[in-house]
Amino acid sequence: MYDEFVRKRITQLRLQKGISEYQMSYDLGHSRGYIYNISSGTALPPLKEFFAICDYFNITPQQFFDEESHFPEYIEQASKKLKKLSKEDLKLVLDLIERLSE
């Protein structure tokens, strides 16, 4: 159950980033078939590599497993910037989000 989710989620995030399996494998310091093996179900990343994959996508493990978040990298970037805003500015942003989501 989770194996399939991990494979599909890595593929989803990789495609959103516009990166090939080969390029991602290379960027993570592995052989060219590393990500292919994960995506095809031959292997799963060990925990240390899972964290490296999350770092690669600039997301937290929690965001990785959030099935409702289709663009977790953007949410992470927005979250970091929101933390720096004043209470008044946060209220404005929240009002805008509520208006856009109607």
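Quick note: residue numbers are just sequence positions, from 1. These numbers come from a predicted model, not from an experiment.
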Linking I/L/V/M/F/W/Y whenever their side-chain heavy atoms sit closer than 4.5 Å, directly or via other members, would F51 and I59 fall into one cluster?
-> yes
Any side-chain heavy atom of R14 sitting closer than 4.5 Å to one from F57?
-> yes
Looking at E98 and E102, what are the two nearest heavy atoms and their distance?
-> O-CG, 3.1 Å
Give the minimum heavy-atom separation between T42 and S40, together with the two atoms involved.
-> OG1-OG, 3.1 Å
Hydrophobic cluster membership, L47 vs I10, 4.5 Å side-chain cutoff = yes
I97 CD1 to L92 CG distance, which is reported to the nearest 0.5 Å = 11.0 Å
Spell out, as yes or no, whether a donor-acceptor pair under 3.5 Å connects the side chain of R32 to the backbone of Y22.
-> no
d(E49 CD, I35 CD1) to nearest 0.5 Å is 8.5 Å
Separation between CD of E73 and CG of L13, rounded to the nearest 0.5 Å = 9.0 Å
Considering non-hydrogen atoms only, spot the tightest contact between C54 and F64 and give its length.
-> SG-CB, 4.0 Å
Between atom OG of S39 and atom NZ of K8, what is the distance when rounded to the nearest 0.5 Å?
-> 12.0 Å
Do Q62 and D66 have side-chain atoms, one donor and one acceptor, less than 3.5 Å apart?
-> no
With under 30° as parallel and over 60° as perpendicular, where do the rings of F65 and F50 fit, or are they tilted in between?
-> tilted
Side-chain donor or acceptor of E21 paired with backbone N/O of T11 under 3.5 Å | no
On a heavy-atom basis, the closest approach of P72 and R9 is CG-NH2, 3.5 Å
Spell out, yes or no, whether I38 and I19 are grouped together once hydrophobic residues are joined by side-chain heavy atoms under 4.5 Å, including indirect joins.
-> yes
Donor-acceptor contact below 3.5 Å, side chain K83 vs main chain A78 | no
Is D95 salt-bridged to K91, cutoff N-O under 4.0 Å?
-> yes
Reported NZ-to-CD distance for the pair K80 and E76, which is rounded to 0.5 angstrom = 4.5 Å
Find out if a path of hydrophobic residues (ILVMFWY) with successive side-chain heavy-atom gaps under 4.5 Å connects L90 to Y74.
-> no
Can you check side-chain contact (heavy atoms from CB on, under 4.5 Å) on Q23 and Y26, steps first, answer last?
-> CA-CA 5 Å; Q23 184 63 50; Y26 178 76; 3.8 Å; yes
For the residue pair S31 and S25, what are the closest heavy atoms and their distance?
-> O-CB, 3.1 Å
Which pair of non-hydrogen atoms, one from K17 and one from Y56, has the smallest distance, and what is that distance?
-> NZ-O, 2.8 Å
Let me see the working for M24 and I53 under side-chain contact (heavy atoms from CB on, under 4.5 Å), right down to the final yes or no.
-> CA-CA 9 Å; M24 186 175 170; I53 289 169; 3.9 Å; yes
For the residue pair H30 and Y34, categorise the inter-ring angle as parallel (less than 30°), tilted (30 to 60°) or perpendicular (more than 60°).
-> parallel
Linking I/L/V/M/F/W/Y whenever their side-chain heavy atoms sit closer than 4.5 Å, directly or via other members, would L94 and L85 fall into one cluster?
-> no
Can Q63 and T60 be counted as having a side-chain donor-acceptor contact under 3.5 angstrom?
-> yes
